[in-house]
Every structure is written in C-alpha cells, then in structure tokens.
Undergrad: 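Input: one structure, supplied below.
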Amino acid sequence: MIKNIQRILIELANIHRFVMRFFREVFMPPYEFKEIVRQCYVVGWKSLPLISLTGFITGVVFTNQSRPSLAEFGATSWLPALISIAIIRALAPLVTALIASGKVGSQIGAELGSMKVTEQIDAMEVSGTNPFKFLVVSRVLATTISIPILSFYTAAVGLFGAFLSVNQNENTSFRVYFDQVFDAVTFLDVFSLVLKAVVFGFTIGIVGCYQGYHSSKGTEGVGKAANWAVVMSMFLVFVEEILIVQIIQAMRA
Amino acid sequence: MLKTGGHIDYNTEVITVRHVSKSFGENHVLRGVDLKLHNGENLVVLGRSGTGKSVLIKLISGLLKPDSGTIEVLGEHVDELNEKELQQLRLKIGFSFQNSALYDSMTVRENLEFPLVRNKRHLSRAEINHEVEDVLDAVGLLNTINQMPSELSGGQRKRIGIARTLILRPEIMLYDEPTAGLDPITCIEINGLINEVQEKYKTSSIIITHDLACAKSVGDRIVMLLDGRFERQGSFDEIFDTDDERVKPFHDYNFIT
C-alpha cells in the first residue's frame, strides 16, 4: 500500500518535471520550426478525413435526436440556435479532442516509445543534440496549435451536417439557418471553444510524449505507452471539460 | 589482421574511471571498477552478456549516473557537468550503439545531417553535403545516401551508425557490441573499419564486445569484466594465459567451437 502511494507520488513528480521542462525549453532557442510544421501536418492535415466524417455525423445525429423534443413544444425553429450553441460550446472541441486522443495520442506514444526502446533518443542525446526539444516540444506545440484549428473545422462541418438535416425537414434556407446560428453564438462561446481546444491539444501532446518518452521493457512497453497515452488523455480531456465549463459559467454569470 | 598500435600516447589519459559502482535495484552490475583509456588507444572491454559492459560506456557518456566513484573524460568530471556542459563534452564523444539506433523516419543523409546542422550551425549547405559525403565515403556507403534505414542490411546499418558519430569528428569513440548479430565476413569488415577510424580520425576508443575475434583484431589492450570488476587486463594472449575457470570457457567457446 505504502509502496503504491510512493510510486504514484514519484510518477506525479516525474510528470511535473516533464511539464516544467516543456515550458522551460519551449522559449529557449534553438527552435525546431521545420519539425513543428511537419508535426502540424501530421497532426492536423492527416486527421482531416476522420475529423470531417465524425464532425458531419455529429451534426446530423445531434440535430435528428434534438428535433423530437423541440417538436413537442412546436419549437423546431429553435433548432439552429440550439445546434450552434451545442456544437460551438461543447461538441466541436470535445469530439475533435477525443478523435485526436485516439489517433494522434496513440501515434505519438508509439512513435516515441519505439524510439526510446531502440535507443534512438539516447543516440540523439549523445550526439550533442536535445531530443526533448526536437521530439517533445515540437509535438506538443503541434497538437496545441492544430487541435483549435481542427475544432473550428469540426464545428463548421458539424454545422453544415446539421444544416442538411434542418433544410431537409424544416425547409430552412442556407442564409436563414446560418443567420440564426451566428445570432445565437456569443464571443464567450467562441472563447470557450478556443480555450478548451488549446488545453485539450496541450494535454494530448504532453501525455503522448510523456508516455512514449518514459516507455521501457521493449515492444511490450511501446504497446503500453500507446495504450496509456489514449486512456490518460481521454480521461484528462473529460476532467478538463468539466473544469473549463465551470470557469466559463462563472464568467458568464 | 593484427594491429600495430603506433599512435598511442601512454602518458595521456583521455578517460579515467575511478571506483565506479552501479546497481539496478538488487542487481549490482559494477562493483568499484577502475579503468584508463590512453590517447590513441583501442581498449576492448570483454565480458559475458549482462555483466555491465554497456552500462560502463553509458556511464562514460553521461547517459547514466554512477552510484559512487568518479568518471573523468578529456579532463572533465562527467557527473559534475550541467546539461549544457555535458552536451558540449558529448560532441567530442562518438557513441556507436549495438543496434545502430538509426532514426527510422529519416533517410541516411538526414540521419547524418541531424547532429551536424544542430551543432555546427555556421556550415553552408555545400559544406554540409561535403561532410556527409566524406564520412559516407569513409565507411564505403556513399551509394546509400538517399535510402531509408529499413532498406539497409545489418552491416550497412552499423557502418552508417559509425558514420553518424564520425561526422562530428569525435576524439573518443565508444562502440557497443559492434559485431553483434553480423556474419563473419561483415564482422571482419567492421573490425577493419574500427581500425581505419582509429588511424584516419586519430580517435581513442572503447570497444565493448564478447566476440574474441573482434577483440583480437581491434584491441591494443584488453580488459575483462568478471563479476562486476575488471579482473584481468593486458594483451589478448596475456588475458587468456590463465587457468581461471571463469575465463577459459570464454576462449574455448570462441575458438574451439
């Protein structure tokens, strides 16, 4: 029991050191611009097909599921406003983060994990270069930059999916639909999307990198690193969602 | 091919290891070892698997920290250096890993450029290309420049790994099992390359191995790690001129089987 508590405390101390090292190194030159751009391409561009599909389906399904409840009160004309608030405030950043946790988090965990167990990270270190800056800082920055952009994209695709459903069932035109959508959204809603997406992106990057960077025990360790990167980042995304919603509610009041 | 050892300066020590111990949990790998590497010397560390040979060179390069004892490399105490100082010292140390540790996602050219562009930022593109081609030529693999590591054979990977360390012109080379997993012909080629590197780049080297043919071919001096301590040292013949039951089977297996 005491040994378990000790192990958890040591792990927490290691995570704290890892995060602090990121903030120390992110501002110190030299900067790995080329690698950051490459990682943004890997994280952002290569996730687009999956994000497009899930964002679109989320929009359509949410609209179809919400319609009966509003129809009971004859309030289906509120659908665009309801959908826009739900997608901008909650669904877009959350769906993007969950997809990215699975796709990007596991990829980062497995890639760094395999580099660790095949001594590629040690090789960078002994050749007088800084593997942390090249591997960790670039990836965490890439996820922190890309997830907010992807979240806006998810929101756009989701709103379009919802439009198709609304247009089909309520005969609402494109212009009327998007007028209602933008009327319902406030600056604080957009701010909450950006804040959540930045925090989620940072979490996915740092968790994936931490798991990969500290993996051991050969190929088994690589699998564990990828697995834990997904599990931990998904768990943390939900915890952060609750906390940020509380903060935004307090700001709204 | 036996070595001549012509350039060795026995008055200058480039690495001095004093009373170094290292344990992993209950496993006491090194128990107060002492070691000296002279300038220009190829020193072979022999020993069975799991006796701490690789741990020793990881301690020397600062990848691991000793539990006790001191390690001096080119006049600097490795365990007292901060991160930046250690990074500077590492530029003078080449480390050839057992599995080559080539960066899988990069081509051979990018593997070689990686340490160069980050440590010699003043170099022009033409100078970088020249350096890359020069070391690739030195290891005889100029034709692989645009290949991915996955397209190379085991021996080629070893050579590229050595080329990647040579590109920074190190003063000291640390080879971790350079011939492990290679066929006998490739082993002979790698041994020849280690001797060529010593001659051409005037390096001092520690070669970790359990391959006696390699030890005999590249070693100016040999030390044998037994039970966490250096029990024997000298020339190849001196090492095996013994009735020690821990040493004899080692020799017999390599040369009788």
Side-chain angles (χ1 to χ4, degrees), chain A residues 3 6-7 10 17-18 20-22 24-25 28-39 41-43 46 107-108 110-139 142 212-219 221-222, chain B residues 24 54-55 57-64 73 78 81 83-106 110-121 149-150 157 160-170 172-177:
Chain A
K3 268 193 172 174
Q6 200 176 12
R7 214 179 52 229
I10 290 170
R17 241 196 319 268
F18 194 78
M20 287 300 113
R21 188 175 174 191
F22 169 81
R24 208 170 51 241
E25 301 222 0
M28 276 195 319
Y31 306 108
E32 297 280 357
F33 287 120
K34 208 172 149 190
E35 183 62 11
I36 293 168
V37 172
R38 197 180 76 85
Q39 288 302 325
Y41 170 77
V42 172
V43 174
K46 292 203 165 179
Q107 187 182 333
I108 292 176
E111 189 181 7
L112 295 201
S114 105
M115 287 185 79
K116 177 75 179 174
V117 300
T118 55
E119 295 179 310
Q120 292 176 50
I121 293 179
D122 285 346
M124 285 185 183
E125 204 152 344
V126 293
S127 64
T129 55
N130 184 346
F132 193 92
K133 181 150 269 175
F134 181 76
L135 299 171
V136 176
V137 173
S138 62
R139 280 165 175 76
Y213 213 76
H214 291 92
S215 71
S216 56
K217 297 176 187 167
T219 44
V222 177
Chain B
F24 297 95
S54 300
V55 170
I57 54 172
K58 285 186 176 174
L59 289 168
I60 290 170
S61 62
L63 282 174
L64 295 173
V73 178
V78 176
L81 299 178
E83 216 166 295
K84 202 159 194 174
E85 291 165 337
L86 189 58
Q87 213 167 324
Q88 286 304 310
L89 178 65
R90 281 170 174 162
L91 298 180
K92 301 171 191 167
I93 306 172
F95 197 123
S96 168
F97 286 84
Q98 183 172 352
N99 61 7
S100 310
L102 298 181
Y103 311 133
D104 291 334
S105 57
M106 302 181 196
E110 289 165 341
N111 261 278
L112 268 62
E113 283 179 2
F114 187 84
L116 196 62
V117 295
R118 282 164 182 78
N119 290 299
K120 297 186 178 176
R121 292 178 180 270
S150 56
R157 290 171 69 92
I160 299 295
I162 292 171
R164 190 178 60 188
T165 65
L166 289 177
I167 204 156
L168 293 174
R169 300 285 187 266
I172 296 170
M173 283 292 291
L174 305 173
Y175 297 94
D176 191 3
E177 303 278 9

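Order of the sequence lines sets the chain letters (A, B, ...), proteins ahead of strands, with each chain counted from 1. The structure displayed is predicted, hence computed values, not measured ones.
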Undergrad: Rounded at 0.5 Å granularity, tell me how far OG1 in A:T118 sits from CG in B:L102.
TA: 9.5 Å
Undergrad: What part of B:L63 gets within 4.5 angstrom of chain A, counting heavy atoms only: side chain, backbone, both, or neither?
TA: side chain
Undergrad: Between A:S127 and B:N119, what is the shortest heavy-atom contact and its length?
TA: O-ND2, 3.0 Å
Undergrad: Which heavy atom of B:Y103 sits nearest to which heavy atom of A:Q120, and what is that distance?
TA: CA-OE1, 3.3 Å
Undergrad: What is the distance from atom CG of B:L168 to atom OG1 of A:T129, rounded to the nearest 0.5 Å?
TA: 9.0 Å
Undergrad: Considering only heavy atoms and a distance below 4.5 Å, find which of B:T165, B:I167, B:N99, B:L174 pairs most often with chain A.
TA: B:N99
Undergrad: Non-hydrogen contacts under 4.5 angstrom with chain A: give the residues of residues 84-92 of chain B involved, or none if there are none.
TA: B:Q87, B:R90, B:L91
Undergrad: Can A:E125 and B:K58 be counted as an ion pair, charged N to O under 4.0 angstrom?
TA: no
Undergrad: Side chains of B:F97 and A:V126, heavy atoms from C-beta outward: is any pair under 4.5 Å?
TA: yes
Undergrad: Rounded to the nearest 0.5 Å, what's the gap from CG on A:D122 to CZ on B:F95? Could you check?
TA: 7.5 Å
Undergrad: Supply the atom-to-atom distance B:S105 OG to A:E111 CD, rounded to the nearest 0.5 angstrom.
TA: 6.0 Å
Undergrad: So how far is it from B:E83 CD to A:E25 CD, rounded to the nearest 0.5 Å?
TA: 6.5 Å
